[in-house]
**Q** 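Please see the structure below; I have some questions.
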Amino acid sequence: MFDETGKRLIGVITASAAKSEQRQILEGITAQAQRLGAATAIFSNIYNSSEYYANIEIENRIYDLILSRKLDGLILTDESFLNPDVHNDIFSLLKRRADIPIIITGAEYDNYQCINNDVGADISDITEHLVTVHGFTDIDLLTGWRGMPTSQERVDGFRRVLQAHGIPFREENIIYGDFWMNSGERTAVEYSSGVRRMPQAVICANDYMAYGLCDSLLMHGISVPEDVTVVGYEYVGERYYHSPILTTYQRSRYALGQRAVNLLYEKMTGIAQEPISLRGKMVFGNSCTCGADRGLLDRELRAVRREQFYSNLNLVGNFEQQLALCRSISDYISVLQQFTYLIRDISGVHLCLHENWCSTDISGGYREDTETMVCHRIVSRNQTPEVPAFYQKYNLYPDELLAAGSGDILYFCPIFFSGRELGYFILQYDHPDCYDIIFRDWIKSAANALEFLRMRNDIGTLMECRSLSEMHDSITGLYNENGLRNALKYPLRQADEEDNVLLLLMRTELFFDSSSLEQQELSVRMSMEQTEQLRKIAAIKDMFCARVSDKLYAIAAVGNYTQADAELLADKLHTLISHAPLYSAHCSADSLIVCTICRSALDFDLKTVPNVLYDQINEQTAERVARRQHKDSQEYTALRDMMYYHPDENWDVTQSCRDFHLSTGHFRAVYKELFGISFHQDMIRCRIELAKYLLLTTSLSLPVIAEKCGYEDDKYFLRQFRQITGMTPNAYKK
């Protein structure tokens, strides 16, 4: 059986794929599958809880995908599942896949081909090392739960070596634990208190118990390996987080994954594969006197540093905040694209949602998920189109997703919220690898934001939120005046003597007639356009935005701001609003007033200081109204508007004088009287205004911007830009 692209597709059923133990076996599986030219689809939950939790149990619906007819075979990593109910559900699904071969690792079951590392042989190797190399005859074994087969296998391997060397085997040398650190901590307390006699060495049945033992012995003043030697098992990593560096045994999980693929491939194709040894090896550290391998420690340290690097990226980034601002699925996808750098070494990320992921029924309950899926490409190495792709759930993915070649590695990770399945992410790799545990935070943030987006776009929710809000403007969703004052109270209380309050007021649509219903609707659309620009500006510096009254907006922030910062903010906002498509098409060049102030936060009065800006707004409004009373105002204003919105044209004062049937001197005098600036200087200013807008909203090169603004010489453009703004175009953009 082949998928539509002609590749064999191996399905892998695992849990907590990011954990060290699972990553080792998954890397073995994916590496061997690539060697054999097969693609891999790995299905894993995120939380993998051992007990039932209603809100997250839904994550295990991801395993329904193993019913896909695209899969040519399945591998189950049995020991990764902690919840017995989930484990039983998996086997119920496997019974429905009698049409394809299945391999199970880490356990033994009738009716299935199973493979596992020889745990007993591995423990024998460790015991042999302690007896023959170190000469120890008094050794304890800290194993797992009493009565558990894998715990007994470890005991049997331990016993065989002691008996082979004529060393008496005593039951008091066996300590039963639970495969976690608290077992080691409890054993250390027994040694230090004298409840249990101190042996020469302790073998721990996994590294976690060894870490707990070593850490606790150190706290009780017992030195490792001077007082007692400790050896772990599994080589799960994390050795740099414990002291001393643990000597352990690397269980060959990587080889186990390779062997599972070979067995499955033989069943799928009938082609025999070379045998792969499953024996592990000692990994030396400082918890025995053999000493650590310096080269291996360097590699481990690089891995730790890399993990810490990505952890810090997630910690200091504002991924969650940007997601919270999303108002559409396109906004959401754009933010995901910006923050995929937080996921290490991926070649593709695809968001696959149920077609009705955002739907609710009339009573507010969730509708049954459809099997139609919508795939949004967040990152794609195949340069596939940006439009979403539709496909059926059990097809797993759009057919073109694997079109690049064989050996693709796909991780299917569930997206859910409060008991509802939304879909899944597909992480795509072109090399044997797996995502880190840090990815759990990334996908959790993405899932939460997706549900908030659903609620935000639900009409009932929007109406409810609007009726309950006393602090927000009902048209734009921004703060109203009361909301802005309330929002500023907390940062003002937290401010210190170096902090200032930056406050900006913007009056828009001056001289715009909104008396008719049609014009009122247009005014609402312009308000939303202005709100979008305000949000863009405010998001950069975590500022507060408000619509304090009709056509009057505010931006406020508390921090290390200066008057120069305030004036630059006002300049950029004026540029963005005045050149916005709707606004520039329906409002004149003198219809926008922006005033700003920067005052110390310690004595800032929320009631009196804004009045300073209100007075400035009113003064400028009065001046512009008076200017409109001039007998030549209409003609000159029309000319100025044309010049401001089409600055690339050749505006010549002589031609303008001919149009007005005036002398050049009279034209210049009237123009300066009306607008407070000469015609020539105003022409330069309007060109620079457009240049600033293009710098802020596009990625055009400077020569292209210069041409669009009417400059034939881009060096002359740079010189005039610096003269007007006091900085270079690149500095202004940054």
Side-chain angles (χ1 to χ4, degrees), residues 20-21 50 79 82 119-120 122-131 134-162 167-251 282-290:
S20 173
E21 301 93 320
S50 58
E79 64 181 348
L82 302 179
V119 179
D122 292 346
I123 297 299
S124 292
D125 287 349
I126 298 173
T127 311
E128 185 70 32
H129 173 79
L130 293 175
V131 172
H134 294 277
F136 295 147
T137 57
D138 185 7
I139 306 170
D140 282 355
L141 172 66
L142 175 57
T143 188
W145 290 284
R146 186 186 297 272
M148 191 174 185
T150 188
S151 302
Q152 190 57 45
E153 289 176 22
R154 287 162 165 80
V155 174
D156 293 342
F158 176 66
R159 179 193 288 112
R160 284 196 298 270
V161 173
L162 294 184
I167 300 171
F169 172 80
R170 297 185 296 270
E171 286 295 334
E172 66 186 53
N173 292 103
I174 307 301
I175 309 166
Y176 290 95
D178 60 7
F179 290 118
W180 192 239
M181 294 176 68
N182 54 292
S183 298
E185 293 165 356
R186 183 174 60 250
T187 302
V189 171
E190 292 176 354
Y191 286 146
S192 62
S193 65
V195 172
R196 183 181 294 276
R197 51 137 194 79
M198 182 76 70
Q200 295 171 301
V202 183
I203 301 172
C204 297
N206 73 4
D207 284 354
Y208 296 116
M209 293 195 291
Y211 292 147
L213 178 63
C214 288
D215 293 347
S216 189
L217 287 173
L218 184 64
M219 289 176 60
H220 287 87
I222 298 173
S223 180
V224 178
E226 289 78 8
D227 297 327
V228 60
T229 290
V230 177
V231 181
Y233 177 62
E234 294 276 17
Y235 190 49
V236 299
E238 304 179 12
R239 294 202 299 168
Y240 263 97
Y241 297 111
H242 304 276
S243 179
I245 298 293
L246 183 67
T247 294
T248 186
Y249 189 93
Q250 184 171 18
R251 182 180 181 183
M282 293 291 297
V283 177
F284 296 109
N286 298 324
S287 64
C288 79
T289 55
C290 294

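Numbers for residues simply follow the sequence, beginning at 1. Here the structure is a predicted model, which means the values were calculated and not measured.
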**Q** Drop me the distance from Arg160's CZ to Asp156's CG, to the nearest 0.5 angstrom.
**A** 6.5 Å
**Q** Find out whether Val231 and His129 are in side-chain contact, i.e. whether some heavy atom of one side chain is under 4.5 Å from a heavy atom of the other.
**A** no
**Q** Evaluate the side-chain proximity of Thr229 to Gln200: yes if any heavy-atom separation is below 4.5 Å, no if none is.
**A** no
**Q** When Asp122 is tested against each of Glu153, Arg251, Arg154, Met282 for side chain to side chain contact (heavy atoms under 4.5 Å, CB included), which residue passes?
**A** Arg251
**Q** Provide the closest heavy-atom pair for Ser124 versus Val161 in the form atom of the first, atom of the second, distance.
**A** O-CG2, 3.3 Å
**Q** Dump the intermediate steps for side chain to side chain contact (heavy atoms under 4.5 Å, CB included) on Tyr176 and Thr143, then the final yes or no.
**A** CA-CA 5 Å; Tyr176 290 95; Thr143 188; 3.6 Å; yes
**Q** For Asn206 and Met209, indicate whether the former's side chain and the latter's backbone hold a donor-acceptor pair under 3.5 Å.
**A** yes
**Q** Any non-hydrogen side-chain atom of Leu246 less than 4.5 Å from a side-chain atom of Val230?
**A** yes
**Q** Rounded at 0.5 Å granularity, tell me how far CG in Leu162 sits from CD in Glu128.
**A** 10.0 Å
**Q** Could you go through the side chain to side chain contact (heavy atoms under 4.5 Å, CB included) check for Thr150 and Glu79 one step at a time?
**A** CA-CA 11 Å; Thr150 188; Glu79 64 181 348; over 6 Å; no
**Q** To the nearest 0.5 Å, how far apart are CD1 in Ile203 and OH in Tyr249?
**A** 11.5 Å
**Q** Only counting residues at least two apart or in another chain, list the ones meeting side-chain hydrogen bond (donor to acceptor under 3.5 Å, both in side chains) with Glu21.
**A** Tyr208
**Q** With sequence neighbours left out, write down each residue that passes ring pair (Phe, Tyr, Trp, His ring centres under 6.0 Å) with Tyr211, or none if nothing qualifies.
**A** His242
**Q** Are the side chains of His134 and Cys288 in touch, meaning some heavy atoms are under 4.5 Å apart?
**A** yes
**Q** Return the CZ to CD1 distance between Arg146 and Ile174, rounded to the nearest 0.5 Å.
**A** 10.0 Å
**Q** Which is it for Arg170 and Asp138 under the side chain to side chain contact (heavy atoms under 4.5 Å, CB included) test, yes or no, and what are the steps along the way?
**A** CA-CA 10 Å; Arg170 297 185 296 270; Asp138 185 7; 4.0 Å; yes
**Q** Look at the side chain of Ser287 and the backbone N and O of Thr247, then say whether any donor-acceptor pair between them is shorter than 3.5 Å.
**A** yes
**Q** Would you indicate whether the side-chain heavy atoms of Ile167 and Phe136 approach each other to under 4.5 Å?
**A** no
**Q** If we ignore angles and hydrogens, is there a donor and acceptor under 3.5 Å between the side chains of Asp227 and Tyr191?
**A** no
**Q** Would you check if Arg197 and Asp140 make a side-chain contact, meaning some heavy-atom pair closer than 4.5 Å?
**A** yes
**Q** Look only at the side chain of Ser151 and the backbone of Trp145, and say whether a donor-acceptor pair between them is shorter than 3.5 Å.
**A** yes
**Q** Not counting sequence neighbours, which residues clear side-chain hydrogen bond (donor to acceptor under 3.5 Å, both in side chains) with Thr248? List them please.
**A** Asp207
**Q** Shortest non-hydrogen contact from Gly232 to Ala210?
**A** CA-CB, 3.9 Å
**Q** How long is the gap from CE on Met148 to CZ on Phe179, to the nearest 0.5 Å?
**A** 5.5 Å
**Q** Would you say the side chain of Arg239 lies within less than 4.5 Å of the side chain of Val283, judging by non-hydrogen atoms?
**A** yes
**Q** With side chains defined as the heavy atoms from C-beta onward, is the minimum distance between His220 and Val189 less than 4.5 Å?
**A** yes
**Q** Might you point out which heavy atoms bring Ser243 and Cys214 nearest each other, and give the distance in Å?
**A** O-CB, 3.9 Å
**Q** For the atom pair CG (Asp125) and OH (Tyr233), what is the distance rounded to the nearest 0.5 Å?
**A** 9.0 Å
**Q** Test your reading of the model: is there a side-chain donor-acceptor pair from Ser192 to the backbone of Ala188, 3.5 Å cut-off?
**A** yes
